[in-house]
Amino acid sequence: MLQQTPVARVLPVYERWLDEWPRPADLAAVPTGAAVRAWGRLGYPRRALRLHAAATAIVERHDGVVPEEYADLVALPGVGDYTAAAVASFAYRRRHVVLDTNVRRVLARTVSGVEFPANAVTRAERDLASGLLPDDGPTAAAWAVATMELGATVCVAASPRCAACPVTELCAWRRAGYPAYDGPPRRGQAYDGTDRQCRGRLLGVLRDSHEPVPHRRLVEAWPGEEQRERCLQWLVADGLVAQVGADAYALP
DNA sequence: TATCCGTGGTA
DNA sequence: TTACCAAGGAT
């Protein structure tokens with residue numbers, strides 16, 4: 001849920017989710033549509049599908065227990081390097097480089113002396129983070145939490161709260177006089193009129209209904225026929241939408 | 001590796 | 001008002 005989504009928006013959904021499905025087996029036992037519906041407006045609804053698939057895989061491969069090994073975690077649907085490292089570190093106190101957007105920004109500033117990290121994680125960046133990581137698991141896990149939290153609450157992207165920062169004295173970016181970011185522009189994300197907006201609109205109609213929705217309702221939600229029909233079939237192919245009968249659609 | 005995958009709060 | 005951008009992942 002936290003992938004590319006602010007903590008404050010995740011919290012209420014997360015709490016309801018765990019209340020309903022406290023164990024992987026509980027989630028794996030319900031239809032995928034239930035997960036998509038409970039996902040609400042968190043965005044990137046395919047994550048709901050993948051979380052459901054991960055729960056199913058955990059039941060099948062790991063006897064219903066979230067695995068401790070990075071290799072097992074990263075093999076789960078929707079779990080990449082960051083999430084595998086975060087779970088192994090935070091939940092199991094294993095030693096892993098937890099390199100999320102917050103940690104990357106903290107290291108870019110405090111160590112490298114630049115305002116923002118590069119667009120993609122570089123080898124040098126990973127080596128830097130690895131070299132700073134404490135040797136033993138529990139201490140490394142505390143380090144991971146601390147650096148991430150520092151980035152999330154103090155060393156934030158816009159208007160960092162340097163006056164409240166516990167490591168201002170060793171910050172290379174501060175020492176250099178806070179030079180502005182001079183790298184390539186970080187790509188914006190146009191949204192109006194895009195397939196993403198269209199898909200979101202269509203899925204929203206189905207999510208807000210507890211019964212199959214006639215195609216007419218989708219036409220009302222997105223007038224552009226070519227894009228609407230293409231995105232609708234795309235949603236079906238993704239498994240986010242199921243066609244019910246000849247002329248109706250619903251969550252799977 | 002560049003691009004695509006939603007959504008909403010904020011300055 | 002419009003950008004920015006938020007505990008990334010898959011292809």
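In what follows, chains are A, B, ... by sequence order, proteins preceding strands, each numbered from 1.
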CG/A:Leu203 to SG/A:Cys231 distance, rounded to the nearest 0.5 angstrom?
11.5 Å
To the closest 0.5 Å, what do you measure between SG (A:Cys198) and CH2 (A:Trp234)?
9.5 Å
Are [Y] and [X] connected into the same hydrophobic cluster when the rule is that any two of I, L, V, M, F, W, Y join if their side-chain heavy atoms are below 4.5 Å apart?
{"X": "A:Val205", "Y": "A:Trp39", "value": "no"}
{"X": "A:Leu2", "Y": "A:Tyr44", "value": "no"}
{"X": "A:Val111", "Y": "A:Val167", "value": "no"}

Nucleotide [N], atom [atom2] - distance to [atom1] of [X] in whole Å:
{"X": "A:Leu42", "N": "C:dA6", "atom1": "CG", "atom2": "P", "answer": "17 Å"}
{"X": "A:Phe116", "N": "C:dC5", "atom1": "CZ", "atom2": "P", "answer": "5 Å"}
{"X": "A:Leu202", "N": "B:dT7", "atom1": "CG", "atom2": "P", "answer": "10 Å"}
{"X": "A:Leu203", "N": "B:dC5", "atom1": "CG", "atom2": "C1'", "answer": "13 Å"}
{"X": "A:Gln4", "N": "C:dC4", "atom1": "CD", "atom2": "C1'", "answer": "13 Å"}
{"X": "A:Leu51", "N": "B:dC5", "atom1": "CG", "atom2": "P", "answer": "21 Å"}
{"X": "A:Leu150", "N": "C:dA7", "atom1": "CG", "atom2": "C1'", "answer": "14 Å"}
{"X": "A:Leu11", "N": "B:dT7", "atom1": "CG", "atom2": "P", "answer": "20 Å"}

Can you work out whether A:Val7 or A:Val74 has the more 5'-proximal nearest nucleotide on DNA chain C?
A:Val7
Reckon A:Arg196 has a side-chain N or O less than 4.0 Å from the OP1 or OP2 of B:dT7?
no
A:Arg41 side chain N/O closer than 4.0 Å to the phosphate oxygens (OP1, OP2) of B:dG8?
yes
Which listed nucleotide ([options]) is nearest to the side chain of [X]?
{"X": "A:Leu2", "options": "B:dG6, C:dG8, C:dA7", "result": "C:dA7"}
{"X": "A:Glu149", "options": "C:dA6, C:dG8, C:dA7", "result": "C:dA7"}
{"X": "A:Ala157", "options": "C:dA10, C:dA6, C:dA7", "result": "C:dA6"}
{"X": "A:Asp100", "options": "B:dT7, B:dC4, C:dA7", "result": "C:dA7"}

Would you tabulate the side-chain donor-acceptor contacts of residues 69-86 of chain A under 3.5 Å, counting partners in other chains and residues two or more places apart, or write 'none'?
residue	atom	partner	partner atom	Å
A:Glu69	OE2	A:Arg94	NH1	3.3
A:Tyr70	OH	A:Asp81	OD1	2.6
A:Asp81	OD2	A:Arg126	NH2	3.0
A:Thr83	OG1	A:Gln3	NE2	2.9

Each nucleotide N or O in nucleotides 1-3 of chain C that has a protein N or O under 3.5 Å away: list the pair and distance.
none

Stepwise side-chain contact (heavy atoms from CB on, under 4.5 Å) test for A:Arg174 and A:Cys162
CA-CA 9 Å; A:Arg174 171 179 174 273; A:Cys162 298; 5.7 Å; no
Might you work through the side-chain contact (heavy atoms from CB on, under 4.5 Å) test for A:Leu232 and A:Glu229, ending with a clear yes or no?
CA-CA 5 Å; A:Leu232 180 55; A:Glu229 297 309 313; 4.0 Å; yes
Using a heavy-atom distance cut-off of less than 4.0 Å, which residues of residues 101-114 of chain A contact DNA chain C?
A:Thr101, A:Asn102, A:Arg105
Would the base of B:dG8 count as contacting A:Thr5 through its side chain, where contact means a donor and an acceptor less than 3.5 Å apart?
no
Quick one about A:Glu68 and A:His62 (side-chain donor to acceptor, distance below 3.5 Å, no hydrogens or angles considered), yes or no?
no
For A:Ser209 and A:Arg217, which I'm curious about, is there any donor-acceptor pair between the side chains at under 3.5 Å?
no
When rounded to the nearest Å, what value does the distance between P atoms of C:dG9 and B:dG9 take?
24 Å
Could you pull out all residues at least two apart from A:Thr168 that satisfy side-chain hydrogen bond (donor to acceptor under 3.5 Å, both in side chains)?
none
Which pairs of donor and acceptor atoms, one on a side chain in residues 12-20 of chain A, lie under 3.5 Å apart (sequence neighbours left out)?
none

Would you tabulate the nitrogen or oxygen pairs shorter than 3.5 Å linking the protein to nucleotides 9-11 of chain B?
none

Residue met sooner reading DNA chain B from 5', once A:Asp238 and A:Ala120 are mapped to nucleotides:
A:Ala120
